Structure formats: C-alpha cells, structure tokens
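Computed from a predicted structure; not experimentally measured.
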Amino acid sequence: RLIMVPASFALEVENPGRYRLQAAWLLDYALERARRAGVRAILVLDSFESLAGGWPDSPYNVANGGPCSAPEDFWTHPGARTLFKRRVRYIAARWGYSSQILAWELWRDVDRVPGADDPAVRQAIIDWHADILAWLDAMDPRDHLVTTSLAWPGLGVGEWSGTGLWSLPGLDFLTVHLYDLAPTDQSVTSYMAFQTAITQKPHLVEELAVSATSGAETLAHDPNHYGLHNAIWGALMGGGVGAAMSWWWNDYVAVNDLFD
C-alpha cells in the first residue's frame with residue numbers, strides 16, 4: 001500500500017496545480033521495486049490528514065492560493081474538483097500502465113475528515129466519490145480496481161452504507177481499518193461477515209492493530225501476538241478477500257520478525 005502523503009509520494013503539496021516531480025520519481029522507483037519483487041500495491045491518492053491537521057499547509061487552502069476557505073469546501077467547490085480531476089488524470093496517465101498497481105484508493109480514512117459527522121458533508125463526500133469514480137474510469141487505460149477506505153468509527157453503517165458510499169457502483173471492493181482490538185477479540189470475523197452480507201462487495205482490512213498508539217504498545221498489550229494471528233485468519237474466515245494487514249509493520253512485525 002503506497003500512500004500519497006507529503007512525506008513520500010504526494011504530488012500536489014505547496015501550490016495548487018503544481019506537482020513535485022521528485023515525488024513522482026520516487027513512486028516510479030517504488031513501483032519498479034514492486035515489479036522486481038512480484039508485489040502488487042494499492043495506490044492511495046489522498047488521506048484524511050490533508051484536510052485535518054495538514055489543512056494549514058494544503059494547496060487547496062485559500063491561504064496558500066487554493067480555492068477553499070474551509071476543509072469542508074473541498075467536496076463541493078468547483079475549483080477544488082477541477083484541481084483534483086487534473087491530478088487524477090496525471091496519475092492515471094503516468095502510472096495507469098502499471099500492472100503492479102492492484103487498485104486505486106481514492107481516500108484513506110475518509111470518515112475522519114473535518115465535518116464527516118455532519119449528514120450534509122457526508123452526502124457531499126458521497127457525491128464527490130460518484131463523480132471522481134466516473135472520471136477515473138474514463139482516464140484509466142487499464143481499468144484498475146478502485147476502493148476508498150473508512151476507519152473504525154464509521155463502521156460502514158448508517159449514512160455510509162445502503163444507498164450511500166458503500167453501494168456506489170464504481171467501488172469494486174471496500175477497505176476498512178480496525179484498531180484497539182483485544183488480543184483474543186473475535187470481532188474481525190463477525191465484522192467482515194456482517195459487512196460482506198449487507199453490501200455484497202468484497203472487504204479488505206488494510207490496517208489493524210491491538211493498539212492504535214504504536215508497535216511497542218501493541219507488543220506490550222499482546223506479547224504472544226495472538227491479535228495479529230487471529231486478525232489474519234479472522235478476516236479470511238469472515239469472508240474477506242485477504243488477510244488483515246498490521247499497521248505497525250515496521251516497529252512491530254519487522255522488529256519482532258513476525259513474517260513467518
């Protein structure tokens with residue numbers, strides 16, 4: 001999973017409509033390494049931080065020359081929509097050839113953006129997705145899979161399900177993030193089965209941890225790694241399209257050599 005954030009692959013960071021070519025080169029390099037290793041990646045086009053804590057530095061902020069006076073304006077402002085569509089067109093044109101890209105993920109944790117608890121903002125987010133999904137479908141030469149992700153608080157129910165976000169025809173599969181689970185918690189299995197039944201779409205747990213704080217906290221709460229083991233198998237047994245993936249891959253999975 002490759003996330004386009006300012007610390008790595010984000011293209012549009014300082015000025016609206018201007019792209020960082022060094023970030024584009026870095027993504028070229030990552031995809032080439034993925035090709036050599038036989039790995040396929042989900043490319044995440046944006047994350048909730050850009051409208052939350054990162055809003056003061058956002059190129060969409062009017063203070064930085066962008067079109068939006070507030071983060072919530074991103075979903076409805078015509079100028080912001082035009083800028084994002086241009087970015088999508090560039091991404092599809094530059095990397096749409098790649099078979100190493102398993103899927104495009106439009107947003108990470110879209111239910112954590114400012115205003116997501118407001119029904120009007122939620123509907124604007126859903127409408128935005130419908131428009132961008134159609135645009136991406138027209139731009140992508142290889143017809144990659146498309147998803148968008150929710151964090152645990154949204155649970156994919158209420159305004160996010162039914163005729164809302166989950167049911168948009170352009171979303172091929174659904175991705176969720178589950179944290180603060182007890183090591184022996186069986187909720188991953190029941191959650192996946194429940195979600196798959198009500199949406200009739202494949203689900204994937206992209207992020208998961210016993211602790212949302214750190215890998216060290218995860219280890220302290222679960223020294224026998226039951227949570228990781230149960231989540232990997234629980235997601236599959238619950239009907240998921242893949243094993244749940246630990247968020248703390250670097251300071252938990254890797255440092256404790258939990259790859260086997």
Side-chain angles (χ1 to χ4, degrees), residues 1 3-6 10 12 42 44-64 66-81 83-84 104-133 146-171 173-182 185 187-188 190-192 194-201 203-213 244 247:
R1 191 156 166 255
I3 306 175
M4 301 183 83
V5 292
E12 201 173 14
I42 295 175
V44 186
L45 306 193
D46 218 323
S47 184
F48 76 96
E49 295 98 337
S50 65
L51 296 181
W55 178 246
D57 299 318
S58 170
Y60 289 79
N61 189 331
V62 69
N64 303 318
C68 302
S69 298
E72 294 85 346
D73 296 340
F74 171 84
W75 307 106
T76 56
H77 196 291
R81 188 75 57 88
L83 285 169
F84 197 88
W104 313 109
E105 182 177 326
L106 297 186
W107 276 86
R108 172 179 174 258
D109 288 354
V110 73
D111 53 338
R112 296 180 65 187
V113 300
D117 291 333
D118 182 339
V121 175
R122 285 192 173 194
Q123 187 57 54
I125 292 171
I126 292 169
D127 294 342
W128 181 95
H129 274 79
D131 188 26
I132 297 301
L133 285 166
V146 186
T147 186
T148 203
S149 69
L150 297 180
W152 175 269
L155 288 179
V157 297
E159 291 85 349
W160 297 111
S161 65
T163 58
L165 183 64
W166 288 124
S167 64
L168 290 174
L171 288 179
F173 66 103
L174 310 175
T175 45
V176 293
H177 307 152
L178 309 179
Y179 286 91
D180 294 327
L181 300 173
D185 196 342
S187 63
V188 174
S190 58
Y191 176 78
M192 296 298 284
F194 170 76
Q195 284 294 88
T196 302
I198 66 171
T199 63
Q200 299 300 305
K201 286 187 177 181
H203 268 64
L204 178 67
V205 180
E206 290 183 315
E207 300 177 19
L208 180 138
V210 168
S211 170
T213 304
W247 179 246

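Applying the ring pair (Phe, Tyr, Trp, His ring centres under 6.0 Å) test between F74 and each of W55, W107, F48 identifies W107 as the sole match.
Residues D111 and A151 share a closest heavy-atom pair of OD1-N, 2.8 Å. The shortest heavy-atom contact between V121 and G115 is CB-O, 3.1 Å. A pairwise comparison of heavy atoms in P71 and P114 identifies CB-CG, 3.9 Å as the closest pair. Of all heavy-atom pairs spanning G79 and P67, the tightest one is C-CG, 4.0 Å.
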| task | Just do the side-chain contact (heavy atoms from CB on, under 4.5 Å) check on E72 and D118 with the steps written out, would you? | result | CA-CA 10 Å; E72 294 85 346; D118 182 339; over 6 Å; no
| request: Please lay out, stage by stage, how T147 and L204 fare under the test side-chain contact (heavy atoms from CB on, under 4.5 Å). | output: CA-CA 10 Å; T147 186; L204 178 67; over 6 Å; no
| request: Could you give me the CA-CA distance, side-chain angles and deciding distance for L106 and L133, then say whether side-chain contact (heavy atoms from CB on, under 4.5 Å) is met? | output: CA-CA 9 Å; L106 297 186; L133 285 166; 3.9 Å; yes
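Counting only distance, with no hydrogens or angles, the side chain of S149 and the backbone of V176 share no donor-acceptor pair below 3.5 Å. N61 contributes a side-chain N or O that, together with a main-chain N or O of A63, makes up a donor-acceptor pair within less than 3.5 Å. Judged by distance alone, with hydrogens and angles left aside, the side-chain atoms of D73 form a donor-acceptor pair with the main-chain N or O of A70 at under 3.5 Å.
Expressed to the nearest 0.5 Å, how far CG of L168 lies from OG1 of T148 amounts to 9.5 Å. Once rounded to the nearest 0.5 Å, the distance linking OG of S167 with CD of Q200 reads 12.5 Å. Rounded to the nearest 0.5 angstrom, T213 OG1 and D180 CG are separated by 6.5 Å. If you take CD on E12 and CE on M4, they are separated by 10.0 Å, rounding to the nearest 0.5 Å. Between the CG atom in D131 and the CZ atom in F84 there is a gap of 11.0 Å [rounded to 0.5 Å]. With rounding to the nearest 0.5 Å, the separation of NE2 in H129 from CH2 in W75 is 6.0 Å.
Checked against salt bridge (charged side-chain N to carboxylate O under 4.0 Å, His left out), R1 has the following partners two or more places apart in sequence or in another chain: E105, E206, E207.
Ring orientation note: the planes of H203 and W166 are tilted relative to one another, at an angle of 30° to 60°.
Looking at heavy atoms from C-beta onward, L150 lies out of side-chain contact with L174 at the 4.5 angstrom threshold. In this structure, the side chains of R108 and V5 stay at 4.5 Å or more apart for every pair of heavy atoms. Here the side chains of R122 and L165 are not in contact, with every heavy-atom distance at 4.5 Å or above.
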